[in-house]
Amino acid sequence: MTNLKVKLGPLELKTPFMAASGTFGFGEEYASLVDLQDFGAVVVKGLTLKPRRGNPPPRIVETPAGMLNAIGLQNPGLEVFLSRELPRLQKSKVKVIVNIAGETEEEYVTLARELSQAGDGLAALELNVSCPNVKKGGILFGTSPSVLASLVEKVRPVCSLPLIVKLTPNVTDITETARAAESSGADILSLVNTFRGMVIDIASKRPFLGNKTGGLSGPAIRPLAVRMVYDVYASVKIPLIGMGGICTLEDSLQFFMAGASAVAVGSAIFSDPLTIPRLTAELRSYLEKEGFRSPEEIVGTAHTSGNGEEL
Amino acid sequence: MTNLKVKLGPLELKTPFMAASGTFGFGEEYASLVDLQDFGAVVVKGLTLKPRRGNPPPRIVETPAGMLNAIGLQNPGLEVFLSRELPRLQKSKVKVIVNIAGETEEEYVTLARELSQAGDGLAALELNVSCPNVKKGGILFGTSPSVLASLVEKVRPVCSLPLIVKLTPNVTDITETARAAESSGADILSLVNTFRGMVIDIASKRPFLGNKTGGLSGPAIRPLAVRMVYDVYASVKIPLIGMGGICTLEDSLQFFMAGASAVAVGSAIFSDPLTIPRLTAELRSYLEKEGFRSPEEIVGTAHTSGNGEEL
Amino acid sequence: MISSRARVVEIEEVAERCFYLLLEEKTLAAKSCPGQFIHMRITDNFFPFLRRPFSIAGTFPEKGLLWIIFRLSGAGTKILSRIRRGEEIECLGPLGNGFNLRKSTGLAVLLGGGAGIAPLLFLAKTLQESQKQVALYYGASRAAELIPVQQFLPRGVEVNLATEDGSCGFKGLVTDLLESRLQKELLPGEIFACGPRKMMQSLAIICRSKKIPAQFSLEERMACGIGACQGCAVEIKAGEKRTVFKRVCRDGPVFDSCEVVW
Amino acid sequence: MISSRARVVEIEEVAERCFYLLLEEKTLAAKSCPGQFIHMRITDNFFPFLRRPFSIAGTFPEKGLLWIIFRLSGAGTKILSRIRRGEEIECLGPLGNGFNLRKSTGLAVLLGGGAGIAPLLFLAKTLQESQKQVALYYGASRAAELIPVQQFLPRGVEVNLATEDGSCGFKGLVTDLLESRLQKELLPGEIFACGPRKMMQSLAIICRSKKIPAQFSLEERMACGIGACQGCAVEIKAGEKRTVFKRVCRDGPVFDSCEVVW
Ligand SMILES: Cc1cc2nc3c(=O)[nH]c(=O)nc-3n(C[C@H](O)[C@H](O)[C@H](O)COP(=O)(O)OP(=O)(O)OC[C@H]3O[C@@H](n4cnc5c(N)ncnc54)[C@H](O)[C@@H]3O)c2cc1C
Ligand SMILES: Cc1cc2nc3c(=O)[nH]c(=O)nc-3n(C[C@H](O)[C@H](O)[C@H](O)COP(=O)(O)OP(=O)(O)OC[C@H]3O[C@@H](n4cnc5c(N)ncnc54)[C@H](O)[C@@H]3O)c2cc1C
Ligand SMILES: Cc1cc2nc3c(=O)[nH]c(=O)nc-3n(C[C@H](O)[C@H](O)[C@H](O)COP(=O)(O)O)c2cc1C
Ligand SMILES: Cc1cc2nc3c(=O)[nH]c(=O)nc-3n(C[C@H](O)[C@H](O)[C@H](O)COP(=O)(O)O)c2cc1C
Ligand code: FES
Ligand code: FES
């Protein structure tokens, strides 16, 4: 049987499919519907040092082929995560990646240090420098290459886990922030987080979301995300985790071919909680049918023409 | 009857609806289907100094709630436009806005000068500094505030027509380019042009479009465009033309409320050539029902709360 | 909670733009309680992108059937209204915490506005079956929009109708009708309500002033529907001055009226 | 060219994943020529976002009817396959330049692959009616995918079938079948073809080597369908070394085989 294992630098996954941060909570709610064993990894909801209340409602609105969310990183904070969520997650045997967000460099550093010491239940840390829904921190760290580099340099020494930096697509040139993260010590890049958007409620003549703007996810952004993965693949040497609107096997193949070594499924899970097990089975048959022994053989293939030449 | 007239600085339009550049050709093809008299203006296909061959096919691909295009500014060039297209357009009584693109500042300047002298058939010029589908010029002028300001400063003195600058959304902060265009002499800003995206053809493992990347338009980008109009409205004083995925009256109201004084309909025309006449009639009844005397009364209303306060 | 494909047994327009949809799904039929809802995937092709939540309006556990009442509202319900008998539709459910029936004593007054009637039909039936006295107050804007509730209710439930234009029953808002009755003879042990936000807000004020305990079923935009995304937040009192955001889908949709921050 | 709502008169699956769709629209029925197409708006709600182009497969001008043959391919044709009699669908048409029939003399050989058969059915009928001799070559991958062409053709049209798996007619590609006949007795005055790109490429080589004039109906992704967007470009020879991009929708879809740059 075709082996779906993939290796992203220091991070080994048994399949290239993971649940994207914020769409799977801390794994608890979906656990009764899907077998987490089928997952390459679960990236848990963005974690902050202290509990966060989140943004005022409404927090969600559907848009054409997508949705805006403005959750505002509502989460119980590091302490509750370590005492309540982590032990439970450690029992299920899935690889857990913790998505962390801070308002200051120090908060990121503290989170990275504490989580690195949290035992062997964690597979990696993902620096969320791209949340469009919080006023301080978040996306601000992700839009300037130099600010991002400084943050990653500070986190790197205290982080003994594989370090993923999650890039924001709300930039002029994503290859610049990608290179900044790479050269300052990231092991892996994940992309993309959501695009900042707004829906106006015609009746009240006001922005619909309590937070006014929210982050756009779903199939609508897929062509933009694929293009960014393609561009970043050509600009850095470290492995990539691709995401943005993945619903079907074909969608995920686009990301692999563009250069992602693994992919994350986000908001499609809301519509179909079984997306990841389905994609896993479909990828296996695709690879077998096409004569590939590993998903790694198709990573980045869109960059070479039929005869193997660089384009 | 409610008057739909709007005034955008030096540009007066009889309705706030225009056809977006590139989606209506030079007006000829659609003329047998729709009465151009119903239009506030028609923005013609991007015009360059010399004829352009355009990009290799395929040039178009549908995406979730949208499409990518990579036409590559195929057009007959200034000379043929002046001798063949313009006289025909001048006969129909619609206001014509010419969208111009250059590979160098000089080309923009020449285009602006020649078109300013072309007689009274033209209502305005729109500087296309945001085409994602050509290698030289285009989007490169639109992503850096200083490069953009320098271009607008050179074009302004030779342009006797109202000058619209069309902003690209492929930037970290669109309010920066908006302010640069305003302070260097733009009369009006239009936004947004398309978002750079890619679709990969799974079968050939290659980017689907001949040009590899293309520009995303359609409902998929609407929440992103509305957000940008909202942000730019709060940052500049000159009037805005909003666009991006407008299909229905509700869609256009979102743009007006976000701060657009007029809107352009682009790719929706492909699906429904009668979009603009339909929106015109619907806007009229909406305004009457709600007791507004002019579309201008709803422009920017999403920035003030119910009791008129700034948010 | 299960994820399952339910088969369409019947679909019928029972009032203007209001549909009755009868589904076959054994587990859902067996396990659902009044106030719980199902999260339906309208199509298999991710258009519309999100699922749609609908209250369970009734069950026939012995036949493995359950039903909902839905109102045409946007693209999703439009597609749903065209589903045909025999087709299947993916449902997640039963979701949320239903109405709390343990503490209810005395007359149960059920107040429904528009499509908010759905969970109350299930509730009325359940209360009746446990020998409780039930009075239903149901309002819509016009007679044509009132679904024929008697058809869906057991005998013995008192029904009071209100329409805004007076085309059927009391002329005015259903909350006004209820309030006028409360001035006179009506003495509810508890009120259960579901409907538009405005209706719920007025009712909350009435209940507070009259000190009548009340349970409200709330609506909020949902993504996951099962508690994972924090999307469906409502502000809930947590002590004197503090409030927290709770999830309509998991912590609700039913909340005590005095908990909710309106 | 008009934009109009056509009424569905009949829809039927005539071969595996291939549908016959009969529409009522007087002007389209009266004005369409073989090789022209209609641009159909699959739904009214901008999903799918773009229209879909389909060749006109035949008309009954006296009855105001026209028909197309479409193959299930993706989301758009899936929705189209579920349309019901009596429903209406927006059509732009007739679009494009049809086959040029003036210069055709001698035997007309029509070569169709898969859904590419559609415009050739219309063409065959028209040629027959003007007393031309017609031979149709039609290929698909399996017998089940062959639409029953005889049913749609007038008497007297010679039909030659090919399937890749040999389940019906010649075993192999339809171009191979044609080529073998050309080696022997077959002497076409002109060839008219429509089908997958690969088929057209092989045929172009055959035609060039045998010096047989040929007209090809091409397909390309379309947005406007009427010539405004330059989206449907194909590279066409314009002199010895120069090529230009022409629009399939307006300058085509029919091109001389020797003009096309493959
Ligand atoms: C717990 C719960 C129970 C419900 N029970 C019923 C019921 O029994 N009968 C009924 O007719 N309606 C009910 N609703 C409302 C119903 O979910 C919406 O009417 C429906 O989702 C509208 O979908 P649409 O695509 O037609 O409308 P659109 O407006 O196109 O939907 C766009 C988006 O907004 C969401 N949305 C729109 N209206 C509402 C709303 N009122 N509440 C929550 N989300 C909304 C949709 O789910 C979708 O994500 C319930 C809502 C909730 C939260
Ligand atoms: C001039 C012309 C005439 C045609 N005539 C017929 C016909 O008579 N019968 C028939 O079955 N098919 C015909 N086609 C192909 C038909 O248009 C496509 O099969 C159809 O658009 C697929 O739509 P979909 O949504 O099912 O597929 P999807 O793959 O989901 O479509 C996605 C997008 O790609 C486009 N697309 C997909 N395949 C093609 C294609 N082969 N050519 C052009 N665009 C495509 C669609 O229009 C849409 O924009 C014709 C195409 C052209 C250009
Ligand atoms: C409701 C919701 C909450 C999210 N929360 C987070 C988060 O806490 N941290 C983070 O890095 N990304 C978060 N994201 C972004 C996703 O992880 C993902 O990057 C994005 O949604 C694009 O993928 P998709 O289109 O598959 O959803 C969130 C997305 C959604 C829809
Ligand atoms: C096929 C196509 C061609 C376009 N050509 C141009 C162009 O020449 N110049 C320009 O400024 N914008 C061009 N645009 C962008 C549109 O004018 C518009 O900004 C964009 O499509 C967003 O609007 P929409 O979502 O309503 O289509 C083109 C768009 C499309 C779809
Ligand atoms: S909808 Fe996701 S938590 Fe309620
Ligand atoms: S599809 Fe627009 S020019 Fe052909």
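Every chain is numbered from 1 and lettered A, B, ... according to where its sequence line falls, protein lines coming before strand lines. Note that the structure is predicted; figures quoted are calculated from it, not measured.
- A salt bridge links B/Arg293 with B/Glu297; the closest basic N to acidic carboxylate O contact falls under 4.0 Å.
- Under 4.0 Å is where a charged nitrogen must lie from a carboxylate oxygen, and between B/Lys205 and B/Asp201 no such pair does.
- Only one option out of A/Leu127, A/Thr168, A/Thr143, A/Thr177 pairs with A/Leu148 in a side chain to side chain contact (heavy atoms under 4.5 Å, CB included); it is A/Thr177.
- Using a 30° and 60° split on the angle between ring planes, B/Phe17 and B/Phe256 fall in the perpendicular class, above 60°.
- Contact annotation for B/Asp231: only side-chain heavy atoms (C-beta onward) come within less than 4.5 Å of a heavy atom of chain A.
- Between A/Phe195 and B/Phe195, the ring-plane angle classifies as perpendicular under the 30° and 60° cut-offs.
- Contacts of B/Phe208 with chain A are absent, with no heavy-atom separation under 4.5 Å from either backbone or side chain.
- For B/Ile221, no part lies under 4.5 angstrom from a heavy atom of chain A.
- Options B/Ile202, B/Val226, B/Val199 differ in how many heavy-atom pairs under 4.5 Å they form with chain A, and the most are formed by B/Ile202.
- Of the residues considered (B/Arg222, B/Arg227, B/Glu290), B/Arg227 shows the highest number of contacts with chain A, using heavy-atom pairs under 4.5 Å.
- Contact tally against chain A (heavy-atom pairs below 4.5 Å) for B/Ala258, B/Ala220, B/Pro223: the top residue is B/Pro223.
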